Every structure is written in C-alpha cells, then in structure tokens.
Amino acid sequence: MKNFLCDFRFLLLLAAAAFIYIQVRLFATQSQYADRLADAIESENQCTSQLRSLIDQISLQQGQIETMKEQKEQLEQECGQLKALVQELERKGVERLINKEQVPVAAVVIMACNRADYLERTIKSVLKYQNSVATKFPLFVSQDGSDPGVKDKALSYDQLTYMQHLDYKPVQPERPGELIAYYKIANHYKWALDGLFYKHKFSRVIILEDDMEIAPDFFDYFEAAADLLDKDKSIMAVSSWNDNGQKQFVHDPEALYRSDFFPGLGWMLTRSTWDELSPKWPKAYWDDWLRLQENHKGRQFLRPEVCRTYNFGEHGSSLGQFFKQYLEPIKLNDVPVDWKSMDLSYLMEVCMP
C-alpha cells in the first residue's frame, strides 16, 4: 500500500512538473506573439503616419496647384487688361514711337470763376468731342478765386488739369462805377496764358469760357486753322465765333472769313503772339483792347460763318446784357465738315485779291 501511494505521488509530481513546463512554454509563446503583435502595431502606426504625411503632401500640392491656377487666371486677366490698355492708347494716339510723343495742336483752357453748374455743362460738352483727340488738345480748367463748388467740380474729372488763380490784392478801378469783375477777368487771363505758354510750354492755346458748348467739328476746325495761323503772320488769332451767327443769317457750315474785328468767345492764339501781348496786357476790358489798331496792328482774325461755340451764359459778369436778343438765337454748327480734306489756302494773305 505504501508503495502504491509513493508511486501515485510520484506520478502527480511528474504531472505537475509537466503542467508547469507546458504553462511556461505557453507563457513564452504568448510573450513572443505579444512582442510580434506590438511590432506589427508599431509598423501599422508608422505606415499610417507615412500615409497621412503623404496625404498632407498631396493636399499641399493640390493647394499649390489651385494657387497656380488662380495666379494663371489672374495673369491672363492682367494680360487682357494690358492688351486692352495698349489698344486704347493706340486708339487715342498716345503710343510713343521712336521715343517721341505726339506734339499737341493746342492746349484748351476753360476759364472759370464761381459758376459750378455752368462749368459742368461746358466740361461735358468739351469732353464729348475731346476724348478721341485728348493728346492733341489737352484740357485745362483755370479757376479765378476759391469758390469750393467750382474747384470740386473741376477736380472730379480725371480727364483735365486743374489750375487755380488766387489774387487777394484789392482792385482799384481806373474810373468810378466800373465793375471790378472786368479787372479780375483780365488779370486771370494773363496769369492763365502765361502759365500755359511759359510753364507748360504749349505752342498754341484755345480759350473757352465756362458758359460755352462746342460743335462736333470744333477740334477738327481748330486743327485745320492751326496750320494757317503758323504760316500766315497776318492772321493774329482764330475764333470759333460769329457775332452775326444768328440762325436767320447763316447757311454755309464750310464758309470761313478773314475779319478785322476780333470775335473772341472760343479763340486760339500762338505763343509768338502772346510774347507780344503779355508784357502790355491791359488791367481790364482785354477783348476791347485787343480790337485796337495799336494792338492788332492791321492783322486779321479767322472766323466761321456758322459758330463752333454756343454761349449759354445768361447770368455772369455782363449781367446778361442782350442775351435773349443776340446770344440765345446763335446757331451752333451741327453739320459734319471734313476740315482735313479741305484746301484753306484761299484764306492766306498771299492768295487774297
């Protein structure tokens, strides 16, 4: 019996040892699997991280591609705008050729003071026909005084250059009862013309007032007449006005005349003529002064039969004298005239009978 118990205990001991061995082996195997699983998880995490990094790079590249597309579209738009600008510059004749700019025919100055509503009407009329020939006829507004409405109105237009004449010296009329306005006007004219001829170096200037509208062929007319003015020194100035240009008296839009009387109201003179007039310019009544023999010295003035300017200024320094009777009925030319194709040599002194 004792031997049987010893054998059974021995078998149990062997079984326990075998169980312990198996458990140790299982634990070792599980540890290996756990290590391999950890390595696999780590590898998976690395792959996931690399995949995310690759996705981020692709997203970044896609963003760069979108940015490049936007830049390309912007460049294409800018190129289109530049092409349009070049075409516009070519249309206006501003493109520089062989480093030379087109020489203006004449500066155009609108003389203004304190009538903002009149000035706006004049500017709109001028710009309607001046935009296509802006380089030939650069536009200025010269204001006498500091009326804010006139200044703001002039500065609201990018197509012109604003000039302001400020003279606070008291005016002393030479005769009792004279209007001070005529002295201020003469002083303003001299200041503006000195600036345009001597500061801005224009060879010719066309003078308008702030109560005028112009005809469609206004600029073509003055461009054609500029050649006569340069060649024929017996012509002192060119005017766009006919004092007798009322509707019932005029018929031929192509007719031009030499006159001993200075018409004014939209006229052009040269720098050489201003060199002569500027030093002795009068204190007042400059237009009457210019009609004196001692000043025009027998020279004549060109004028059209049908006016190229219309004076709508019922209210002003002249207090609207005779406006209804003489100025309102004036006919402003509305017939197209091809001045460039016309031979105007018959107006030159050598061709006169």
Side-chain angles (χ1 to χ4, degrees), residues 107-134 137-168 171 179-193 195-196 205-219 222 239-243 245-247 263-268 284-287 307-334:
V108 179
V109 59
I110 301 172
M111 308 297 284
C113 181
N114 57 5
R115 301 183 294 185
D117 54 340
Y118 277 18
L119 177 62
E120 181 176 27
R121 181 173 170 180
T122 299
I123 291 175
K124 286 182 177 179
S125 174
V126 172
L127 290 180
K128 183 177 180 181
Y129 306 110
Q130 185 258 3
N131 281 333
S132 62
V133 291
F137 297 94
L139 180 60
F140 293 77
V141 167
S142 182
Q143 179 187 4
D144 186 31
S146 56
D147 183 272
V150 169
K151 183 175 183 178
D152 291 343
K153 184 60 62 178
L155 291 175
S156 68
Y157 289 91
D158 296 331
Q159 304 96 318
L160 57 82
T161 301
Y162 172 74
M163 303 162 57
Q164 186 175 31
H165 175 238
L166 297 173
D167 186 0
Y168 299 110
V171 176
L179 288 175
I180 292 177
Y182 291 114
Y183 286 82
K184 287 183 172 292
I185 290 172
N187 190 26
H188 180 205
Y189 265 68
K190 184 179 190 311
W191 176 86
L193 290 174
L196 291 169
V205 174
I206 299 171
I207 301 100
L208 293 171
E209 296 173 11
D210 63 353
D211 54 2
M212 293 181 180
E213 293 179 331
I214 66 172
D217 64 343
F218 176 90
F219 292 107
F222 274 108
S239 177
S240 58
W241 180 260
N242 175 12
D243 280 309
Q246 291 78 16
K247 295 179 177 67
L265 295 180
W267 57 290
M268 177 173 66
Y285 311 108
W286 65 268
D287 47 349
C307 290
R308 264 58 187 186
T309 47
Y310 178 79
N311 190 304
F312 58 83
E314 185 173 2
H315 306 289
S317 299
S318 62
L319 306 178
Q321 299 178 70
F322 312 114
F323 175 82
K324 291 290 185 181
Q325 185 176 359
Y326 296 111
L327 296 181
E328 192 174 49
I330 289 290
K331 176 178 175 56
L332 180 66
N333 181 59
D334 56 2

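Bear in mind the structure is a predicted one, so any value in this text is a computation, not a measurement.
A distance-only check finds a donor-acceptor pair linking the side chain of Gln130 to the backbone of Phe137 [under 3.5 Å]. Using modelled atom types, one side-chain atom of Gln164 and one backbone atom of Gly145 make a donor-acceptor pair closer than 3.5 Å.
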Extract all donor-acceptor atom pairs below 3.5 Å that involve side chains of residues 152-161 and protein atoms in other chains or at least two apart in sequence.
residue: Lys153; atom: NZ; partner: Glu120; partner atom: OE2; Å: 3.4
residue: Ser156; atom: OG; partner: Lys153; partner atom: O; Å: 2.5

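We find the CE-OG1 distance between Met212 and Thr122 to be 8.0 Å, quoted to the nearest 0.5 Å. Between the OH atom in Tyr162 and the CD atom in Gln143 there is a gap of 3.5 Å [rounded to 0.5 Å]. Remark: Ser240 OG to Tyr310 OH distance equals 14.0 Å, nearest 0.5 Å. Here the straight-line distance linking atom CG of Leu119 with atom CD1 of Ile123 works out to 3.5 Å at 0.5 Å rounding.
Here Asp117 pairs with Arg115 under the side chain to side chain contact (heavy atoms under 4.5 Å, CB included) rule; sequence neighbours left out. Checked against ring pair (Phe, Tyr, Trp, His ring centres under 6.0 Å), His165 has the following partners two or more places apart in sequence or in another chain: His188, Trp191. Remark: Tyr285 pairs with Tyr182 by the ring pair (Phe, Tyr, Trp, His ring centres under 6.0 Å) rule, at least two apart or across chains. Partners of Lys331 by salt bridge (Lys or Arg N to Asp or Glu O under 4.0 Å), not counting sequence neighbours, listed by chain and number: Asp334. Residues forming a ring pair (Phe, Tyr, Trp, His ring centres under 6.0 Å) with Tyr183 (at least two apart in sequence, or on another chain): none.
Annotation: Lys247, atom NZ; neighbour count of heavy atoms from other residues, nucleotides and ligands within 6.0 Å is above 12.
Screening Val109, Val141, Ile214 against Leu208 for a side chain to side chain contact (heavy atoms under 4.5 Å, CB included) leaves a single residue, Ile214. Residue Trp267 is tested with Trp241, Trp286, Tyr189 for a ring pair (Phe, Tyr, Trp, His ring centres under 6.0 Å); the sole match is Trp286.
Side-chain contact between Ile110 and Leu139: present, with at least one pair of heavy atoms (C-beta onward) separated by less than 4.5 Å.
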